[in-house]
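From a predicted model like this one, the values you see are computed outputs, not experimental measurements.
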Amino acid sequence: MTKGSFLKFALCLLLATVLTGCQGGGSVVSEREGYFTWVDEQGRVRYSPIVGVTGQSMGKSAEKNTDQKAGEPGDGSTSESQEPGTGKPAALEEGTEYTLENYPDAEQLEKDGYVRPGQRQPYFTWRDAQGNVRVSYYRPDTRTDRQKGLVEPPVQITEARVYHAGDSQSAPEPVPGHDPDAFAILGIERSADDFFARFSAGCCESLDTQDNRSWQSGREFGVTLSESSNVHPFLTGASPYELVKLPDAETVGSLVMRLRSYARNGVFVPSVVFLDEQMEPVRLVTDLVMDFEPENWRRLGYLEAWIPAFPARGERWIVLFTRQQDLDGQTVIETRSGPRRIPHIRQGELGLMQVEG
């Protein structure tokens, strides 16, 4: 081969190499900018355009929307969303990525059974009597068993004023120049410990234990306070009372009782005192914040309270009575025709039921 021929061959080879590099080379960095990658809730890698970035590859980058799972190598498959009839990926429009349709409120999504707007509802297949396969769509029920009423909600103990035995503390030494009548002048009541001691002094060793009601588990049992009921001069005022014996401590260590006072020409507002084996007060419960349930076609309206009892702590009896300040009050409820006043009376029908224990 002559020298001229060799130079000509070398020039052709160099020109062919340059042309091949131009055809097979990748795009420049500026053409690959203008978008960012992110992972959706299904773990798919997404590409979204960056608003305000210009470049020739803006439209090309916005069209990328793969179904590739996060952490999995790409396989060159096509994107999930494509323009109908063309097979080309559909470009993402600005302002449509982060909307309530794509990212709804979590609570609302739960109420909708985790079915997003535009998505097909879940379904199940079944065969009818003729053997045909049928499809039925349904909306998932995301309520809890408690919301469905399958599980009873936990009992909420009724708020009340409670006095205990053995909680009294010695009074502090008065400061020099104190006025012993200052509390009376200012209208301040004596301490709760003093009240319980004074209440216990007049209750309840003289109560008639022969006329009492035994506890009945498993159902509601009635207690009636009438004109023939025994009356005792409690510290809070003379009142008819009923004595009820609690379950044995070896059988039931503690329990929650449901107390209902039914309204008939008025309502009896109860207070409860717990006694030990020697008929001495252990605990006094007053000022019960009872809920009123209106009457319907099959039962009377009633006041309702939930009170705990502790036979294992020495509580053997309960005494149901009312106070004079309760008799001076009234219960007002809202009805369709307006407020309704229910007077408080000395007699009434009560219902007791053990709900826990």
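- V319 places a side-chain heavy atom less than 4.5 Å from the side chain of F234.
- Annotation: side chain of V285 is not in contact with side chain of R161 (no heavy-atom distance under 4.5 Å).
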Evaluate Y123 against S136 for side chain to side chain contact (heavy atoms under 4.5 Å, CB included), listing each step before the verdict.
CA-CA 5 Å; Y123 65 92; S136 296; over 6 Å; no
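- Q347 approaches L225 most closely through the heavy-atom pair CB-O, 3.0 Å.
- Residues G301 and E295 come closest through the heavy atom pair N-CB, 3.2 Å.
- Put simply, the side chain of L288 does not reach to within 4.5 Å of the side chain of L303, judged on heavy atoms.
- At least one donor-acceptor pair closer than 3.5 Å links the side chain of H344 to the backbone N or O of T331.
- With E315 contributing its side chain and F310 its backbone, the two residues share a donor-acceptor pair below 3.5 Å.
- Aromatic rings from Y163 and F199 are positioned such that their centres are separated by 6.0 Å or more.
- The number of heavy atoms from other shown groups lying within 6.0 Å of CG (N296) is above 12.
- Across all non-hydrogen atoms, the minimal contact from Q354 to P247 is OE1-CG, 4.3 Å.
- For the atom pair CG (D326) and OG1 (T236), the distance works out to 8.0 Å, reported to the nearest 0.5 Å.
- Considering all non-hydrogen atoms of both residues, F268 and G348 come closest at CB-CA, 4.0 Å.
- One finds the CG atom of L235 at 10.0 Å from the SG atom of C203 (value rounded to the nearest 0.5 Å).
- Here the CG atom belonging to N230 is positioned 11.0 Å from the OG atom belonging to S239, to the nearest 0.5 angstrom.
- For Q324, the CD atom sits in a packed shell: over 12 heavy atoms of surrounding residues, nucleotides or ligands are nearer than 6.0 Å.
- Residues R283 and H164 form a side-chain contact, since some pair of their non-hydrogen atoms from C-beta on lies under 4.5 Å apart.
- Judged purely by atom type and a 3.5 angstrom limit, H232 uses its side chain to pair as donor or acceptor with the backbone of G202.
- We find the OH-CG distance between Y241 and L320 to be 12.0 Å, quoted to the nearest 0.5 Å.
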Quick one: do V256 and M353 satisfy side chain to side chain contact (heavy atoms under 4.5 Å, CB included)? Show the steps, please.
CA-CA 8 Å; V256 176; M353 182 176 178; over 6 Å; no
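- Side-chain atoms of S261 do not come within 3.5 Å of backbone N or O of V269 as any donor-acceptor pair.
- Ion pairing between a basic and an acidic side chain is recognised when a charged N comes within 4.0 Å of a carboxylate O; E242 and R213 show no such pairing.
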Please report the C-alpha distance between V273 and I318 in whole Å, then the side-chain angles of each, then the deciding distance to 0.1 Å, and finally whether the side chain to side chain contact (heavy atoms under 4.5 Å, CB included) criterion is met.
CA-CA 6 Å; V273 58; I318 61 173; over 6 Å; no
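- The CD1 atom of I157 lies 9.0 Å from the CD1 atom of I307; values are rounded to the nearest 0.5 Å.
- Ion pair D248/R316 not flagged as a salt bridge, since none of the NZ, NE, NH1 or NH2 atoms sits closer than 4.0 Å to an Asp/Glu carboxylate oxygen.
- For the residue pair T224 and S226, no side-chain donor N or O sits within less than 3.5 Å of a side-chain acceptor on the partner.
- With hydrogens and angles disregarded, a donor-acceptor distance shorter than 3.5 Å links the side chain of N212 to the backbone of T209.
- Note: the hydrophobic cluster containing I333 also contains V267 (ILVMFWY, side chain heavy atoms under 4.5 Å, direct or indirect links).
- A distance-only check finds a donor-acceptor pair linking the side chain of T158 to the backbone of W306 [under 3.5 Å].
- Interatomic distance, CZ of R260 versus CD of E349, reported as 13.5 Å (0.5 Å rounding).
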Determine, stepwise, if the pair L246 / W317 fulfils side chain to side chain contact (heavy atoms under 4.5 Å, CB included).
CA-CA 6 Å; L246 289 172; W317 305 85; over 6 Å; no
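- In terms of heavy atoms, R127 sits closest to G131 at NH1-O, 2.8 Å.
- Hydrophobic clustering of Ile, Leu, Val, Met, Phe, Trp and Tyr side chains at less than 4.5 Å, counting indirect connections, unites L259 with V244.
- Salt bridge E220/R258: present, at least one basic N to carboxylate O contact under 4.0 Å.
- Following chains of ILVMFWY side-chain contacts shorter than 4.5 Å, one cannot reach F221 starting from Y262, and the two form parts of different hydrophobic clusters.
- Using a 4.0 Å cut-off between a side-chain N of Lys or Arg and a carboxylate O of Asp or Glu, E227 and R346 do not qualify as a salt bridge.
- Taking 4.5 Å as the limit, every side-chain heavy atom of E293 sits out of range of all side-chain heavy atoms of L300.
- P281 is listed as a side-chain neighbour of L275, based on a closest heavy-atom distance under 4.5 Å.
- Y302 has its ring centre no less than 6.0 Å from the ring centre of F292.
- The minimum heavy-atom distance linking N265 with I345 is given by the pair O-CG2, 3.8 Å.
- K245 forms no cation-pi arrangement with W215, by the criterion of a distance under 6.0 Å to the ring centre and an angle within 45° of the ring axis.
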